[in-house]
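Chain letters run A, B, ... following the sequence lines, proteins first and then strands; every chain starts at 1.
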Protein chains: 2
Amino acid sequence: MPGRKQTVSGLRIADVAKMANVAPITVSRVLNQPEQVKESTRNRVLKVIEETGFVPNQNAGALASNRSRLVAVLVPMLTNPLFSDTFQAIAEQLAANGYQVLLGISGYEAKQEQELLDVILSRRPDGIILTGTVHTEPSRKRLRATGVPVVETWDVSDSPIDMLVGFSHEEVGRRVAHHLFGQGYRHFALLSVDDPRGKVRAQAFLETLQSHGITDVVHHSFTELPALEQGREGLTRILETDSAPRVVVCTSDTLAHGVLTEAASRHLKVPEQVSVFGFGDMSFAAHTFPPLSTVRIDGKRLGQLAAAALLRRLKNGDHDIVNDDIGFTLIDRHSTRVQTP
Amino acid sequence: MPGRKQTVSGLRIADVAKMANVAPITVSRVLNQPEQVKESTRNRVLKVIEETGFVPNQNAGALASNRSRLVAVLVPMLTNPLFSDTFQAIAEQLAANGYQVLLGISGYEAKQEQELLDVILSRRPDGIILTGTVHTEPSRKRLRATGVPVVETWDVSDSPIDMLVGFSHEEVGRRVAHHLFGQGYRHFALLSVDDPRGKVRAQAFLETLQSHGITDVVHHSFTELPALEQGREGLTRILETDSAPRVVVCTSDTLAHGVLTEAASRHLKVPEQVSVFGFGDMSFAAHTFPPLSTVRIDGKRLGQLAAAALLRRLKNGDHDIVNDDIGFTLIDRHSTRVQTP
DNA sequence: ATGAAAGCGCTAACAT
DNA sequence: ATGTTAGCGCTTTCAT
C-alpha cells in the first residue's frame with residue numbers, strides 16, 4: 001500500500017466529513033470559503049474540527065488547488081540587521097494574510113541565489129520576494145518563465161523581473177557626496193564593506209567627489225559583514241595614513257558606530273576633529289554619542305510595500321506594474337557639522 | 001477536470017521519464033536515491049532534466065512520501081539580534097542537509113505561538129525548532145501527539161517536549177550576582193526588558209543579591225525590545241535616583257551599550273564611576289568603549305547543536321534523548337573592575 | 001447549498 | 001536495476 005497516514009490528529013478531511021454527516025468537499029469549503037456553507041452546517045463541521053483537533057494537510061491542498069500559500073523570501077544574511085526590519089515587516093504582513101514564509105538565505109553572490117532558486121521553486125511558492133536586483137541570467141529567465149509573482153527589493157533596476165520596491169544606491173552615494181561637499185567638507189575618508197549594494201554606494205560617492213575635484217579619498221574596504229570592530233579598525237587605519245581633520249563616510253551605520261567608538265576611545269572630538277556619516281539610520285543611530293548623521297532608509301515601510309504589492313497580485317489577480325522608489329533622507333545629527341569649516 | 005498543470009518548466013516527472021525512455025519511478029530515484037540507478041541511465045535522465053529545466057513538485061513528493069523536507073523554525077522576533085546567530089546557523093545547517101526552513105514569528109507570548117502552531121503543522125514539517133521552553137499546555141500536547149521531532153532552544157526545562165539545547169537563565173542571574181558581589185561591588189542597579197527569559201535572569205539576580213543582604217537595587221524595566229535608547233534612558237533614570245558609584249547590570253548587551261554611551265556623553269568614567277555588565281556577548285561587546293563585561297552565550301553553537309540534534313533524528317531515526325546545557329561564560333572586560341573598591 | 005467523481009504529481013510497496 | 005500499480009489528502013469541475 002503506497003503512502004501512509006500522515007495526519008496530525010489521526011484524521012483526514014474525509015473522516016471529519018463522516019463525523020459531521022457531510023461530504024468531504026463541504027469540510028473543504030468550511031475551511032476555505034466558509035461563506036459558501038450554510039451556517040448550521042458550518043457550525044456542525046467546525047465543532048467536529050474543534051473537538052478532534054483536526055489540522056488539514058496543506059501539501060495535499062497545494063497539490064490539488066495549485067496554490068501553495070507559501071511565499072519565499074530570500075535574504076542575503078540573517079545576521080545583517082539592516083534587513084531585519086524589512087524581513088520582519090514582510091513576514092508579518094504575509095502571515096496576517098494567510099501566507100507562510102519559506103526562508104532562503106541567498107548570500108551575497110548571485111550564483112548562490114541561482115542554486116537556491118530551484119530548491120525554492122520545487123515548493124511552488126505563490127510568490128517570491130528577493131533582496132537586490134542582481135541576479136544571474138538563468139535566474140531571471142527561470143523566474144519569468146514560471147510566471148510566479150516576484151518582488152525585488154532594496155534596489156532599483158531598469159529591467160525588473162516583475163515588481164520592484166527599492167531605492168537607488170547610486171543616488172545615495174551621489175547625494176551624500178554633494179551634501180557633505182556642500183557643507184564645506186573637503187577631506188574625505190570612506191569605509192565600506194564589499195556587499196554588492198554597498199559597493200555601488202561607495203563607487204558613486206567617489207565619482208561624485210571626483211567631479212568636485214576631490215581625488216585624495218582615503219578608502220578602506222572590508223570583506224567581513226559590517227561590525228563595530230571594522231569601524232574602529234577603519235578609523236585607526238585612516239589616522240595612520242593622515243591625521244588631518246576629515247569626515248569619515250561609512251556604507252553602514254554599524255561601521256560608523258565603530259568609528260564613533262574609536263574616536264571616543266582616542267578622545268577625539270566629534271564632529272570637530274573627525275566627522276562621521278553613516279548609512280541606514282538603524283535604531284541606534286539617533287542614540288549614539290554624538291548622534292549619528294546618516295542616510296535614513298525606511299526598511300519597515302519597504303517591507304510593507306513589498307508585501308502589499310505581492311498580496312495585491314495574489315488576491316486580486318491584478319497585473320499592475322509596480323516599480324516603487326521609496327527614496328531616502330539625509331539626516332544631519334551631530335556627528336557632522338553643518339557650518340563651513 | 002480537477003487540478004491544473006502546475007509545473008515550472010511545463011513538465012512533470014512522467015514527461016521527463018518518457019523523454020529519457022524510463023519509468024517515472026526511475027526519474028524519482030535519480031532525484032532522491034541516485035545511487036540506486038545505473039550510471040548510464042542516471043546520466044540519461046539527468047541530461048533530460050538539465051536540458052528541460054525540470055523542477056520537481058515537492059508538495060506532491062511530500063504528499064506521496066510523507067516527508068516534507070520542511071523544518072519549521074519559530075523565533076520570537078526577527079529584529080532581536082540576540083537570536084540571529086542561532087537562526088542563521090540553524091538555517092545553514094538545515095539547507096546543507098536538504099531541508100527548507102519554514103519561518104514562524106511567535107512573538108513573546110505562548111498564546112500567540114499556539115495559534116501559529118496549527119498553521120505550521122498544516123505543512124507537515126519533518127521537524128520543529130522552538131525558541132524557549134514556555135509553551136501553552138495545548139501546544140505541548142499537540143506537539144507530543146503528532147510525534148514531530150521538536151527541539152526547544154535558548155532555555156532549560158525539567159519536562160522538555162522532546163529534545164532541548166539551551167542554558168539556564170536562572171543560573172545566569174545567580175552567577176552574575178555572585179560574580180560582581182565577589183569582586184566587591186555593593187551598589188547595584190538593574191536594567192531589564194521584560195521578555196520571559198530576561199525576567200528570569202533579572203529575578204534570579206535580585207534574589208541572589210538579597211541572599212547577600214543587598215536589597216536596595218535600583219531596578220528599571222522596559223517593555224520595548226532592547227535598544228541603545230533604553231540603555232541611555234536607563235542610566236539617566238538611575239543617576240536621578242542615586243548618584244553613588246555602582247554597577248549597572250543589564251539583561252541585554254544592547255542595553256549595556258546604551259549605558260556606556262550615556263556614560264560617555266556625561267563624561268562619566270567607566271568603570272571608575274559607573275561599571276556596566278551586559279548579557280549576550282554580541283558581536284560588538286568586545287569593541288565598545290570600554291569593552292563590555294558580559295555573559296557570553298554561543299548562539300551560533302547553540303543553533304548548530306539544535307540543528308544537528310534534529311538532523312540526527314531525521315536521518316538516522318535514532319531516538320536519543322537530547323538535553324544539552326551549553327552553558328555560558330562570564331567575561332570580564334573593562335566596563336567592570338576586578339579589584340575590590 | 002451540497003455532493004460525486006476525477007485527478008493534482010509524486011513515491012511506497014511489490015514485482016520482475 | 002528497473003517497472004507496475006495504487007494511493008497520499010485534498011480540491012476542481014460538473015451536477016443536483
Side-chain angles (χ1 to χ4, degrees), chain A residues 1-45 49 52 54-70 121-124 126 146, chain B residues 1-45 49 52 54-70 121-124 126 146:
Chain A
M1 196 198 304
R4 307 166 72 194
K5 270 224 178 163
Q6 43 182 304
T7 62
V8 167
S9 51
L11 299 175
R12 295 155 302 172
I13 270 197
D15 302 312
V16 174
K18 263 179 209 153
M19 298 169 88
N21 272 309
V22 291
I25 185 63
T26 300
V27 177
S28 171
R29 288 194 182 109
V30 167
L31 258 18
N32 298 307
Q33 302 123 13
E35 70 288 348
Q36 285 188 24
V37 180
K38 195 170 45 168
E39 193 179 339
S40 60
T41 316
R42 187 169 61 220
N43 288 338
R44 192 151 34 97
V45 172
I49 291 176
T52 56
F54 167 72
V55 177
N57 183 331
Q58 290 251 49
N59 295 133
L63 184 59
S65 68
N66 197 18
R67 293 188 55 210
S68 65
R69 291 165 181 283
L70 241 32
L121 286 173
S122 71
R123 293 293 162 184
R124 303 295 186 266
D126 292 338
T146 61
Chain B
M1 198 198 303
R4 307 165 72 195
K5 270 226 179 159
Q6 44 182 303
T7 60
V8 166
S9 50
L11 299 175
R12 295 154 302 172
I13 270 196
D15 302 314
V16 173
K18 264 179 207 151
M19 297 169 88
N21 273 310
V22 292
I25 187 67
T26 302
V27 178
S28 171
R29 287 194 183 111
V30 168
L31 258 18
N32 299 307
Q33 302 124 13
E35 70 288 348
Q36 286 189 23
V37 180
K38 192 169 47 168
E39 193 179 340
S40 59
T41 317
R42 188 169 61 219
N43 289 337
R44 192 152 33 100
V45 171
I49 291 177
T52 57
F54 168 72
V55 177
N57 184 331
Q58 290 250 48
N59 295 131
L63 183 59
S65 69
N66 198 17
R67 293 186 57 207
S68 65
R69 291 164 181 282
L70 240 33
L121 286 173
S122 72
R123 293 292 161 183
R124 304 295 186 266
D126 292 338
T146 62

Q: Please report the shortest heavy-atom distance between A/A23 and A/A17, naming the atom on each side.
A: C-CB, 3.7 Å

Q) CZ of A/R123 versus P of C/dC10: gap in Å, rounded? A) 13 Å

Q. Rounded to whole angstrom units, what separation is found between the CG atom of B/N59 and the P atom of C/dC8?
A. 15 Å

Q: Specify the residue among B/N21 and B/A60 whose closest nucleotide of DNA chain D lies further upstream toward the 5′ end.
A: B/N21

Q) Which distance, rounded to the nearest 0.5 Å, do you find between the CZ of B/R123 and the OG of A/S68? A) 6.0 Å

**Q.** Inter-residue atom distance B/T26.OG1 - B/Q36.CD, 0.5 Å rounding
**A.** 10.5 Å

Q | Within residues 26-33 of chain B, residues whose heavy atoms come under 4.0 Å of DNA chain D | A | B/T26, B/R29

Q. Testing B/N57, B/V55, B/N59 for side-chain contact (heavy atoms from CB on, under 4.5 Å) with A/S122, which one passes?
A. B/V55

Q. Considering residues, nucleotides and ligands other than A/E39, do more than 12 of their heavy atoms fall under 6.0 Å from its CD?
A. no

Q. Within this structure, what is the CG-to-P distance between A/D15 and D/dC10, rounded to whole angstrom?
A. 9 Å

Q) What's the spacing between B/M19 CE and B/L11 CG if we round to 0.5 Å? A) 6.0 Å

Q.
What contact category does A/A23 fall into here, base, sugar-phosphate, or nothing, at under 4.0 angstrom with non-hydrogen atoms?
A. sugar-phosphate

Q | Protein-nucleotide distance (A/I25, atom CD1; C/dA1, atom P), rounded to Å | A | 15 Å

Q. Between atom NZ in A/K18 and atom C1' in C/dG3, what is the gap in whole Å?
A. 15 Å

Q. Which nucleotide sits closest to the side chain of A/L63: D/dT12, C/dG9, C/dT11?
A. C/dG9

Q: Check the distance between C/dC10's C1' and B/R12's CZ and give it to me in whole angstrom.
A: 11 Å

Q. Separation of B/N66 atom CG from D/dC10 atom C1', in whole Å?
A. 15 Å

(Q) Between B/D15 and B/R12 (side chain of the first, backbone of the second, donor and acceptor by atom type, cut-off under 3.5 Å), is there such a pair? (A) yes

(Q) Students often get this wrong, so: under 4.0 angstrom with heavy atoms, is A/I13 touching a base, only sugar-phosphate, or nothing? (A) sugar-phosphate

(Q) Nearest whole Å is fine: how far is D/dC10 P from A/Q58 CD? (A) 10 Å

(Q) So, taking the atom named NZ in B/K18 and the one named CD1 in B/I13, what distance separates them when rounded to the nearest 0.5 Å? (A) 13.5 Å

Q: Report yes or no: does B/R29 contribute a side-chain atom to a donor-acceptor pair with the main-chain N or O of B/P34 at less than 3.5 Å?
A: no

**Q.** For DNA chain D, the residues among residues 36-44 of chain A that have a non-hydrogen atom under 4.0 Å from it
**A.** none

